[in-house]
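For reference, the structure is listed below as structure tokens.
Proteins come first, then strands; the chains are lettered A, B, ... in the order of their sequence lines, and each starts at number 1.
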Amino acid sequence: MTEDRIRVALAGGAEVSVPHGTTAADALRALGERRIGETLAAKVGDRVVDLSRNVDADATIAPVFGDSPEGIEILRHSSAHLLAHAVKRLFPETQVTIGPVIENGFYYDFKRAQPFTPEDLERIEATMREIAGENIPVHRREMSRQDAIALFREMGEHYKVEIIEGIPDDHVSLYSQGDFTDLCRGPHVPSTGRLKAFKLTSVAGAYWRGDERNEMLQRIYGTAFPTPKELKEHLALLEEAKRRDHRKLGKELDLFSFHPEAPASPFFHPKGAIIYNTLVDYIRGLYRQYGYDEVLTPQILDVELWKRSGHYENYRESMYFTEADERQMAVKPMNCPSHCLLYAAGKRSYRDLPLRIADFGRLHRYERSGVTAGLTRVRSFSQDDAHIFCTPEQIDAEVASVVDMLFRTYDLFGFSERRIYLGTRPERSIGDVAMWERAERALRDVLERRGIAFDVHPGDGAFYGPKIDFCILDAMRREWQLGTVQLDFALPERFDLHFINADGKEERPVMIHRALLGSIERFMAILIEHCAGDFPLWLAPVQVRLITITDHQHAYAARVLVELRAAGLRAEADLRNEKLGYKIREAELHKVPIVLVIGDKEVASETVAPRRRGARTLPATDVPSFIASIAADARVGTQGGVP
RNA sequence: GCUGGCGUAGCUCAAGGGUAGAGCACCUGAUUUGUAAUCAGGCGGUUGUAGGUUCGAUUCCUAUCGCCAGCUCCA
């Protein structure tokens, strides 16, 4: 092999020698790649580069297609450039800023005096198609920082100048397609014609550099896929998400409503209240098994308490205040300070620990207008909140037991995919560093010892201690945070809590804050969307609906109804003078899990004809057998998940 | 809080500077029906609220409240 030749190889495959400086595309061709026209980029070693980049050392090389994660990222990144190109073509006075790839798509932030309208989006998208149709080659070049600054300054792109000024490197790379040039690290598709399936989805304001003190830019969101088919599937998924939206289903199923008189504060209707209370019952069932004691604590407490706990200092902007007897009072945003008072109400022995105090108390937090959404972010809610007071030696077993409860609970609701995050010390925190390290170590140990995979989120802990957040993926593969376990050495200190140890000496307990479902409101939203309103039998507001065929069966239906209710089932009868099909349809729309049809045959034989939601008829059966057949399903969650 | 969008009957949605309309729901009557919509009739609205422009505003303008998308925030 001569000096000016290098060897390129497919991973575990063919190998050829090509001249030094051969482009990645030519190297792939030399290796017999036939689909070079569909290739978006090349992976040289473990770096993804443009097809036009030179290969200047021996390397393995692989084509990158749109069906790989790297390929999709390039498609989306190039689509963001295509978007900026189109905007500059239509509105030359607009300044470009940044345009990154995000989950499921991309966005680009622009500075323009006039905000973009939905009609503008259509025009921009049409222009994007036009530019893609022109199949303009995309070129990469490098230039010195100074030259790049001068270039963008001349172009009037002041945000780009600011960005380059913040880059420490001597050289930066620029990408051009026709008359559009953007600062970018790349890589990009070789030409705009490779972009075949994209769509602009929305426009919104966004702060420059994500800081609310900065000016607001116009952000255009879009999405892109390798093929129109995948784009279509993605858009269908978005439609499905809309169909499942808990705000829509909540209205249709008569679960809850919102009223301007109490913004962002849900009113649960009878059916919603059944689900809500049944969830709470489920948690209470777990508490009985895991040794928790439930308490009830006041809604309004002296501001001094919140100053002592540190909440006033950190969260006063989000608290509601009131006054009584010339004392400043606050509506509780959390239960923990109350539980500290309760703990300190008596002398505690090490024999009392761990003390697990649960509280479904209603919490109020003033959330800034604009951040609230349906049941997922409200101003009035309650949590399956509990605080465990224990000795440092008990931390491990207590956290492990909470993890056990969590996983059992997520299994019950069908949340089989989980993601777990360890949040460490945030910037604003109380307690000394050694305390924090000890606490972080303790949480990490529990997870590692049980072989539970997790990621670290630095600085994401609560102000009083580190935490583990438990997230799940719902049926739409969206991630939601549910449970949390937070270690706290600070509050016991602030409230000067202690217990008497085996040696008769005072010792400081550790406090563990934990929740399984988190806010019940939010959990309901997640559950509604996860099951699309088809609640499991034990949660369904109406479990069984009796449907008579004519009014000759009314008396018998009334008797069956009494029997079902006596068995503890939530049952109702539809005795209206309507055709069977009509009543069935209505029961289906209301997502009633089981319909019992009663006609003359059933009356004569003293049976009912069951029909499961979305299914066909089951054989007629007598009422006691029917009740027995669904008893376990109807109860499963109300006994802490034990049938 | 910020940017943008939207508020018409209980719900879903039309219309639009000159008396506001449909389907569903609801009520009444007929029909007595076997697994996703029987027919007919009726009730229902200060067009979110408050100002302004106009002979006239639901439509145009301003403010305000609420909701939606996103940004920032989330103990």
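Nucleotide B:C67 forms a Watson-Crick or G-U wobble pair with B:G5, both donor-acceptor distances falling under 3.5 Å. Base pairing of B:C27: its partner is B:G41, meeting the Watson-Crick or G-U wobble criterion (both donor-acceptor distances under 3.5 Å). Nucleotide B:G18 has B:C55 as its partner under the Watson-Crick or G-U criteria, with both atom distances under 3.5 Å. For B:U32, there is no paired base (Watson-Crick or G-U wobble, both distances below 3.5 Å).
Within residues 304-315 of chain A, the residues approached by RNA chain B to less than 4.0 Å at the level of any non-hydrogen atom are A:H311, A:Y315, in residue-number order.
Residue-level contact check: A:Y464 touches the backbone only, with heavy atoms under 4.0 Å from sugar-phosphate atoms and none from bases. Note on A:G599: a base of the nucleic acid sits closer than 4.0 angstrom, heavy atoms only. Across all strands, A:Q383 comes closer than 4.0 Å to no nucleic acid atom at all (heavy-atom distances). Counting any heavy atom pair closer than 4.0 Å across all strands shown, A:A587 reaches no nucleic acid atom. Heavy atoms of A:R365 sit under 4.0 angstrom from at least one base atom. Across all strands shown, A:Y207 has heavy atoms under 4.0 Å from base atoms, whether or not it also approaches the sugar-phosphate. Here A:D600 lies in heavy-atom contact (under 4.0 Å) with a base. Counting non-hydrogen atoms under 4.0 angstrom, A:V203 reaches nothing in the nucleic acid. Within the 4.0 angstrom heavy-atom criterion, only backbone atoms of the sugar-phosphate kind lie near A:H552; the bases stay farther away. When heavy atoms are screened at a 4.0 angstrom cut-off, A:E578 is found touching base atoms of the nucleic acid. Using a 4.0 Å heavy-atom criterion, one finds that A:G518 contacts no nucleic acid atom at all. If you check every strand for non-hydrogen atoms under 4.0 Å, A:A264 touches sugar and phosphate atoms only. Counting non-hydrogen atoms under 4.0 angstrom, A:Y221 reaches the backbone sugars and phosphates but no base. A:P333 comes within contact range of at least one nucleobase, with a heavy-atom separation under 4.0 Å.
In the interface, the side chain of A:R219 is not paired with the base of B:C71 through any donor and acceptor atom under 3.5 Å apart. With hydrogens and angles left out, the side chain of A:R368 and the base of B:U72 share a donor-acceptor pair within 3.5 Å. Within 3.5 Å, no donor on the side chain of A:Q218 pairs with an acceptor on the base of B:G70, nor the reverse.
Nucleotides B:U38 and B:C24, compared at atom P, are 11 Å apart to the nearest Å. Annotation: B:A9 and B:U28 have their P atoms spaced 24 Å apart (nearest Å). Comparing the same atom, C1', in B:U8 and in B:G23 gives a spacing of 15 Å after rounding to whole Å. Taking atom C1' in both B:G51 and B:A15, one finds a spacing of 26 Å when rounded to whole Å. Taking atom P in both B:A14 and B:G29, one finds a spacing of 35 Å when rounded to whole Å. If you take atom P in B:G56 and the same atom in B:U72, they sit 48 Å apart, rounded to whole Å. With both ends at atom C1', the span from B:G18 to B:A40 equals 35 Å, rounded to whole Å. To the nearest whole angstrom, the two P atoms, one in B:C27 and one in B:U35, are 26 Å apart.
Counting non-hydrogen atoms of other residues, nucleotides and ligands closer than 6.0 Å to NZ of A:K583 gives a total above 12. Remark: A:E313 CD is loosely packed, at most 12 non-hydrogen atoms of other residues, nucleotides or ligands lying under 6.0 Å away. Atom CD of A:E103 sits in a sparse spot, with 12 or fewer heavy atoms from other residues, nucleotides or ligands closer than 6.0 Å.
Residue A:L487 contributes atom CG, which lies 15 Å from atom C1' of B:A75 at whole-angstrom precision. Here the P atom of nucleotide B:G1 and the CD atom of A:E212 are 12 Å apart, to the nearest Å. Spacing between atom CZ of A:R585 and atom P of B:U38 amounts to 9 Å, rounded to whole angstrom units. Following rounding to the nearest Å, A:I102 (CD1) and B:G70 (C1') show an atom-to-atom distance of 10 Å. Computed from coordinates, the A:R377 CZ to B:A75 P distance equals 9 Å when rounded to whole Å.
Residue A:Y582 has no polar side-chain atom (N or O) positioned under 4.0 Å from OP1 or OP2 of B:C24. Distances shown here put a side-chain N or O of A:R611 below 4.0 Å from the OP1 or OP2 atom of B:A36. Look at A:K251 and you'll find a side-chain N or O under 4.0 angstrom from OP1 or OP2 of B:U12. Note on A:R247: a side-chain N or O is less than 4.0 Å away from OP1 or OP2 of B:C68.
Salt bridge status for A:R112 with A:E93: present, with a side-chain N to carboxylate O gap under 4.0 Å.
In terms of position on RNA chain B, the residue among A:S202 and A:G581 whose nearest nucleotide sits closer to the 5' end is A:G581. Along RNA chain B, the nucleotide nearest A:P610 and the nucleotide nearest A:H259 are compared for position; the residue whose nucleotide lies closer to the 5' end is A:P610.
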Review point. Could you walk me through whether A:Y464 and A:Q486 pass the side chain to side chain donor-acceptor pair (under 3.5 Å) check?
Key: CA-CA 9 Å; A:Y464 46 71; A:Q486 307 175 356; 2.4 Å; yes
Review point. Would A:K467 and A:T424 satisfy side chain to side chain donor-acceptor pair (under 3.5 Å), going step by step from the backbone distance to the final call?
Key: CA-CA 7 Å; A:K467 63 175 181 178; A:T424 59; over 6 Å; no
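When ring centroids are compared, A:H457 and A:Y421 come within the 6.0 Å threshold.
Classification of the A:Y315-A:H311 ring pair by plane angle, with boundaries at 30° and 60°, yields tilted. Ring orientation note: the planes of A:F523 and A:F415 are nearly perpendicular, at an angle over 60° on the 30°/60° scale.
Between the side chains of A:S257 and A:H259, at least one donor N or O lies within less than 3.5 Å of an accepting N or O.
Nearest heavy-atom pair across A:L589 and A:L253 is O-CD2, 3.9 Å.
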